[in-house]
Structures are given as C-alpha cells and as structure tokens.
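The block underneath contains the structure these notes are about, expressed in structure tokens.
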Amino acid sequence: MTNSKEPTVAQKKLGDFAPKLVKLTDDVLFGDVWARKELSPRDRSLITVASLLTGGNTEQLKSHLNLAKQNGLSEEELIEAMTHLAFYAGWPKAMSAMLVAKEVFSK
C-alpha cells in the first residue's frame, strides 16, 4: 500500500515523525488485515467505529466515519449504531462520538 503515488493519511499525518508506525499502519493494518476476505469492508468499518466509540477514541473516529460511508454504511446506520452503543459503552462516550459524527456528516 505504501507504493502508491498519493501519500496515505498516515503518511501525511505522521510519515516524517513515526515512519515505522506509518509503515505498519499502511502495510499490515490496511494492506493485510483490512484486505482479508473473511469480513466485508462494510462490516470491518462498523466494527471499527464501534470499537473507537467504546474506547473513547474520537480523534480516530473522524476518518473512520468517512471510510465507513465509503464502505457502504449510511449516516443513519452509523447514528443508530452509536445510539445503541450508548447503553453498552457509556453515555458520555456515545455523546462525544455523536458530536464527532455530526461534524463529519455536516461537511
């Protein structure tokens, strides 16, 4: 994945600061794990958004909400998943994630 001409998101954000982490992100996470056929990209996105919300990782949530839409999830489905997770992950985490989603979806 790092052979493409356009820099990846990780390369743009951290390429000169943490090149090994970027390489692992591009080659292993997105180049191997996300490419596995056992789960669809849509399912992987839903799992990832749920995990990020549960962990309170709203900074990473921004890009993964956009990726989830590219992978076939609608804004309504993502909002519903986050609403559902409020009862399992905690209300503050769901509210914080929903604020991020509102920002991302309004662009």
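Nothing fancy with the numbering, it's 1 onward along the sequence. Side-chain atoms are counted along with the backbone in the values below, which use heavy atoms only and exclude waters and symmetry mates. Note that the structure is predicted; figures quoted are calculated from it, not measured.
- At least one side-chain heavy atom of Leu78 sits under 4.5 Å from a side-chain heavy atom of Phe105.
- Distance OG/Ser96 to CG/Leu99: 6.5 Å, rounded to 0.5 Å.
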Side-chain donor-acceptor distances from residues 80-95 under 3.5 Å, at least two apart:
from	atom 1	to	atom 2	distance (Å)
Thr83	OG1	Ile79	O	2.9
Lys93	NZ	Thr54	O	2.8

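- From Thr25, atom OG1 reaches atom CG of Leu21 across 4.5 Å, with rounding to the nearest 0.5 Å.
- Heavy-atom minimum distance, Thr8 versus Gln11: N-OE1, 2.8 Å.
- Atom CG of Leu39 sits about 10.0 Å away from atom CH2 of Trp34, to the nearest 0.5 Å.
- More than 12 heavy atoms of other residues, nucleotides or ligands shown are found within 6.0 angstrom of NZ on Lys12.
- One distance of note links OG1 of Thr48 with CG of Asp43; it measures 10.5 Å at 0.5 Å rounding.
- Atom CG of Leu61 is separated from atom CG of Leu53 by 7.0 Å, given to the nearest 0.5 angstrom.
- Judged as a salt bridge (charged side-chain N to carboxylate O under 4.0 Å, His left out), and not counting sequence neighbours, the contacts of Lys107 are Glu103.
- Follow the hydrophobic side-chain contacts under 4.5 Å out from Val33 and you reach Leu67 in the same cluster.
- Rounding to the nearest 0.5 angstrom, the gap separating the CG atom in Leu65 from the CG atom in Leu73 is 9.5 Å.
- Residue pairs meeting the side-chain hydrogen bond (donor to acceptor under 3.5 Å, both in side chains) criterion with at least one member in residues 56-72, sequence neighbours excluded, are Ser45-Asn71, Lys69-Glu75.
- In plain terms, the two heavy atoms of Val22 and Ala10 that are nearest each other are CG2-O, 3.4 Å.
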